[in-house]
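It should be emphasised that the depicted structure is a prediction, and the values quoted were computed from it without experimental measurement. When a ligand or atom number is given, it counts from 1 through the structure's own listing order. Numbering of residues begins at 1 and proceeds along the displayed sequence.
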Amino acid sequence: MNTTQGAVIVGAGQAGSEVASALRQQGYEGRIVLVGTEAHLPYRRPPLSKAYLAGQATTDSLHIKPRATYEKAAIELKLGCQVTAIDRAARRLALADGQFLGYDKLVLATGGEARRLPLPGASAPNVLYLRTLDDVAAIRAEFGRARTLIVIGGGYIGLEVAAVARGQGLDVTVVEAAQRVLGRVAAPQMSAFYEEVHREAGVTVRTGCTVEALEQRDGRVVAIRVAGGERIEADVVLVGIGLVPNVQIAKDAGLDVGDGILVDEHAATSDPDIYAVGDCANHPNDLLGRRLRLESVPNATEQARTVAASICGKPQPYHPVPWFWSDQYELKLQMAGISDGFDNVVLRGNPADRHFCAFYLRDGVLIAADAVNRAPDFMFARRLVAARVRAPAATLADPSIPLKALLPQ
Ligand SMILES: Cc1cc2nc3c(=O)[nH]c(=O)nc-3n(C[C@H](O)[C@H](O)[C@H](O)COP(=O)(O)OP(=O)(O)OC[C@H]3O[C@@H](n4cnc5c(N)ncnc54)[C@H](O)[C@@H]3O)c2cc1C
């Protein structure tokens with residue numbers, strides 16, 4: 001294929017970088033330009049709340065590919081460069097530096113921003129968010145002089161930061177508005193397990209606790225006030241309350257947008273020359289029977305291949321089994337499927353041993369699975385969830401029966 005303008009990818013994160021590489025791998029011969037606001041080479045975000053935050057990984061090790069690999073594949077990097085508008089009629093992008101960039105095919109891989117706390121004081125220098133490498137630099141600087149940390153939000157990122165901060169000797173309190181941590185994504189048994197793990201590590205976990213105000217002194221937050229009036233002091237606050245997808249340029253260009261940029265099963269938006277991928281994209285999923293927007297590396301990587309296949313004229317429908325992982329202390333949690341609407345949870349192994357699985361069933365069908373320090377089981381659990389097997393609870397619960405035995409023949 002030879003084109004004049006080529007493919008332009010907006011967003012040089014996990015998904016954007018993977019699209020660029022997949023296009024070349026799948027035989028795209030036109031020009032490929034990868035444009036990203038951040039000045040860094042495309043990098044992996046998961047270590048930002050894990051090994052990298054803990055000081056156990058270098059910045060270079062985060063890079064998805066070294067610069068030479070992009071050069072070799074003739075992928076042009078335009079980093080530190082923001083796209084401000086899409087002119088669909090002229091097929092060109094407006095850039096923040098006043099220049100324009102034409103495209104034949106456009107891929108939006110714009111990810112999202114950490115959701116801001118909607119309270120006065122939420123922009124104080126010691127109220128921190130975690131999405132980018134630059135955020136980690138700010139967190140490190142604040143952690144270096146802090147004694148007490150409040151983490152607002154008991155989701156994965158909040159809990160991972162809490163674990164690292166405890167490792168660095170901070171006095172940590174996690175404040176979660178819902179009745180349990182990981183409430184949106186995990187069964188009560190899993191939430192109870194992680195609350196216990198954190199408490200044993202010395203973290204104070206406060207659930208059913210809503211932050212109502214940030215108390216400031218000299219421009220810095222010194223305490224939070226929670227519903228009921230209690231005041232909790234902190235040197236630093238980390239907010240982990242989710243992500244807002246970056247959809248503004250898509251919306252302004254008149255593309256269909258809901259919770260994310262709406263795409264079809266081939267990752268095309270409502271304009272057939274524009275695709276969306278990764279955290280910013282909302283796709284229809286046959287397996288789940290509904291649309292969803294996923295925030296995970298596997299989704300960014302696998303959907304990137306779908307986009308490249310569509311652009312290269314070899315469309316492949318995208319109906320993934322979502323999967324994700326989280327590292328806290330010495331625990332590796334791996335999750336497959338979406339547990340929404342489960343009516344039964346079956347445990348295999350004992351949470352007290354820190355080595356177990358939770359299986360989520362709906363009407364006797366396995367819809368999701370979590371594995372804690374049980375990677376071999378997870379491998380089969382993913383396949384079982386994909387196959388939508390009807391699994392007897394007694395078999396799932398019995399560690400002496402290999403999960404492999406449940407796979408359809
Ligand atoms: C701290 C942390 C821990 C995580 N841990 C895990 C984990 O353990 N497992 C897992 O599977 N996932 C994890 N994730 C999620 C995972 O990192 C994301 O799902 C993944 O990065 C999504 O990739 P993306 O390319 O869609 O978005 P991003 O990685 O956010 O990249 C989007 C890029 O687009 C740029 N951009 C946006 N708008 C424009 C514009 N107008 N012009 C130019 N550039 C633009 C942004 O600056 C950004 O660099 C974690 C995320 C974070 C933040």
A.B. asks: At a non-hydrogen distance cut-off of under 4.0 Å, which region of W325 contacts ligand 1 (side chain, backbone, both, or neither)?
C.D. replies: both
A.B. asks: What residue and atom, counting heavy atoms only, is the protein's closest point to atom 45 (C) of ligand 1, and at what distance?
C.D. replies: T37 OG1, 3.1 Å
A.B. asks: Taking only heavy atoms of G11, which atoms of ligand 1 are found under 4.0 Å from at least one of them?
C.D. replies: 33 (C), 34 (O), 35 (C), 44 (N)
A.B. asks: Distance to 0.1 Å, residue and atom name: give those for the protein heavy atom nearest to atom 10 (C) of ligand 1.
C.D. replies: F324 CE1, 3.3 Å
A.B. asks: Among all protein non-hydrogen atoms, which one is nearest to atom 15 (C) of ligand 1, and what is the separation to 0.1 Å?
C.D. replies: E295 O, 4.1 Å
A.B. asks: With sequence neighbours left out, what residues match R225 under salt bridge (charged side-chain N to carboxylate O under 4.0 Å, His left out)?
C.D. replies: E215
A.B. asks: Please confirm whether V297 comes within less than 3.5 Å of ligand 1 when only nitrogen or oxygen atoms on both sides are compared.
C.D. replies: yes
A.B. asks: Which option, E113, Q82, K50, R44, owns the non-hydrogen atom nearest atom 7 (C) of ligand 1?
C.D. replies: K50
A.B. asks: Which protein heavy atom lies closest to atom 2 (C) of ligand 1, and at what distance to 0.1 Å?
C.D. replies: I157 CD1, 3.5 Å
A.B. asks: Going by the order shown, which atoms of ligand 1 are within less than 4.0 Å of some heavy atom of E38?
C.D. replies: 47 (O), 48 (C), 49 (O)
A.B. asks: Using a strict cut-off of 4.0 Å, indicate which atoms of ligand 1 neighbour a heavy atom of A109.
C.D. replies: 32 (C), 33 (C), 34 (O)
A.B. asks: List the steps and the verdict of side-chain contact (heavy atoms from CB on, under 4.5 Å) for L41 and L77.
C.D. replies: CA-CA 9 Å; L41 269 186; L77 296 176; 3.6 Å; yes
A.B. asks: Report the member of R45, E160, K332 with the shortest heavy-atom distance to atom 21 (O) of ligand 1.
C.D. replies: R45
A.B. asks: Check L23 against A7 and note the closest heavy-atom contact, atom names and distance.
C.D. replies: CD1-CB, 3.9 Å
A.B. asks: Q248: heavy atom below 4.0 Å from ligand 1, yes or no?
C.D. replies: no
A.B. asks: Please say whether W323 places an N or O atom under 3.5 Å from an N or O atom belonging to ligand 1.
C.D. replies: no
A.B. asks: Can any side-chain N or O of N344 pair as donor or acceptor with the backbone N or O of R362 at less than 3.5 Å?
C.D. replies: no
A.B. asks: Do you see a donor-acceptor pair shorter than 3.5 Å between the side chains of H283 and D264?
C.D. replies: no
A.B. asks: Check each of E18, R131, Q334 against atom 30 (O) of ligand 1 and report the one with the nearest heavy atom.
C.D. replies: R131
A.B. asks: Parallel, tilted or perpendicular: which describes the rings of F378 and W323, with under 30° parallel and over 60° perpendicular?
C.D. replies: tilted
A.B. asks: Using only atom types and a distance under 3.5 Å, with no angle test, would you say the side chain of R166 pairs donor to acceptor with the backbone of L170?
C.D. replies: yes
A.B. asks: Considering only protein heavy atoms, which is closest to atom 42 (N) of ligand 1, and at what distance to one decimal place?
C.D. replies: V83 N, 2.9 Å
A.B. asks: Nearest heavy atom to atom 22 (C) of ligand 1 wins, so pick from D279, L79, V10.
C.D. replies: D279
A.B. asks: Is the closest basic N to carboxylate O distance between R231 and E233 below 4.0 Å?
C.D. replies: yes
A.B. asks: Please confirm whether Y275 and H266 have ring centers closer than 6.0 angstrom.
C.D. replies: no
A.B. asks: Sequence neighbours excluded, which residues qualify as side-chain contact (heavy atoms from CB on, under 4.5 Å) partners of L48?
C.D. replies: Y43, R45, Y52, L62, L130, L133, V136
A.B. asks: Taking 4.0 angstrom as the limit and counting only heavy atoms of P298, give me the atoms of ligand 1 inside it, by number and element.
C.D. replies: 11 (O)
A.B. asks: Show the atoms of ligand 1 that are less than 4.0 angstrom away from any heavy atom in G13.
C.D. replies: 25 (O), 29 (O), 31 (O), 33 (C)
A.B. asks: Where the closest heavy atom to atom 4 (C) of ligand 1 is concerned, which of C81, P245, P46, C280 has it?
C.D. replies: P46
A.B. asks: Would you say that more than 12 heavy atoms from the other residues, nucleotides or ligands in this model lie under 6.0 Å from the CD of E212, or not?
C.D. replies: yes
A.B. asks: Quick one: does A15 get an N or O within less than 3.5 Å of an N or O on ligand 1?
C.D. replies: yes
A.B. asks: When you measure from atom 27 (O) of ligand 1 to every protein heavy atom, which one gives the shortest distance, and what is it?
C.D. replies: G111 CA, 3.3 Å
A.B. asks: Suppose we measure from atom 23 (O) of ligand 1 to each protein heavy atom; which comes out shortest, and what is that distance?
C.D. replies: Q14 CB, 3.5 Å
A.B. asks: May I ask you to decide if the ring planes of Y156 and F324 are parallel, tilted or perpendicular, using 30° and 60° as cut-offs?
C.D. replies: tilted
A.B. asks: Atom CG in L333, atom CG in N373: separation rounded to 0.5 Å?
C.D. replies: 9.0 Å
A.B. asks: So if I count the atoms of ligand 1 from 1 in the order they appear, which ones are less than 4.0 Å from some heavy atom of G278?
C.D. replies: 26 (O)
A.B. asks: What I want to know is whether S49 and ligand 1 share at least one N or O pair that is separated by under 3.5 angstrom.
C.D. replies: no
A.B. asks: Side chains of Q328 and S326: any donor to acceptor distance under 3.5 Å?
C.D. replies: yes
A.B. asks: Which ligand 1 atoms are under 4.0 Å away from a heavy-atom of N246?
C.D. replies: 37 (C)
A.B. asks: Write out the residue and atom name of the closest protein heavy atom to atom 37 (C) of ligand 1, then the distance separating them to 0.1 Å.
C.D. replies: T110 O, 3.2 Å
A.B. asks: Under a 3.5 Å threshold, yes or no: a donor from one side chain and an acceptor from the other, between D135 and T132?
C.D. replies: yes
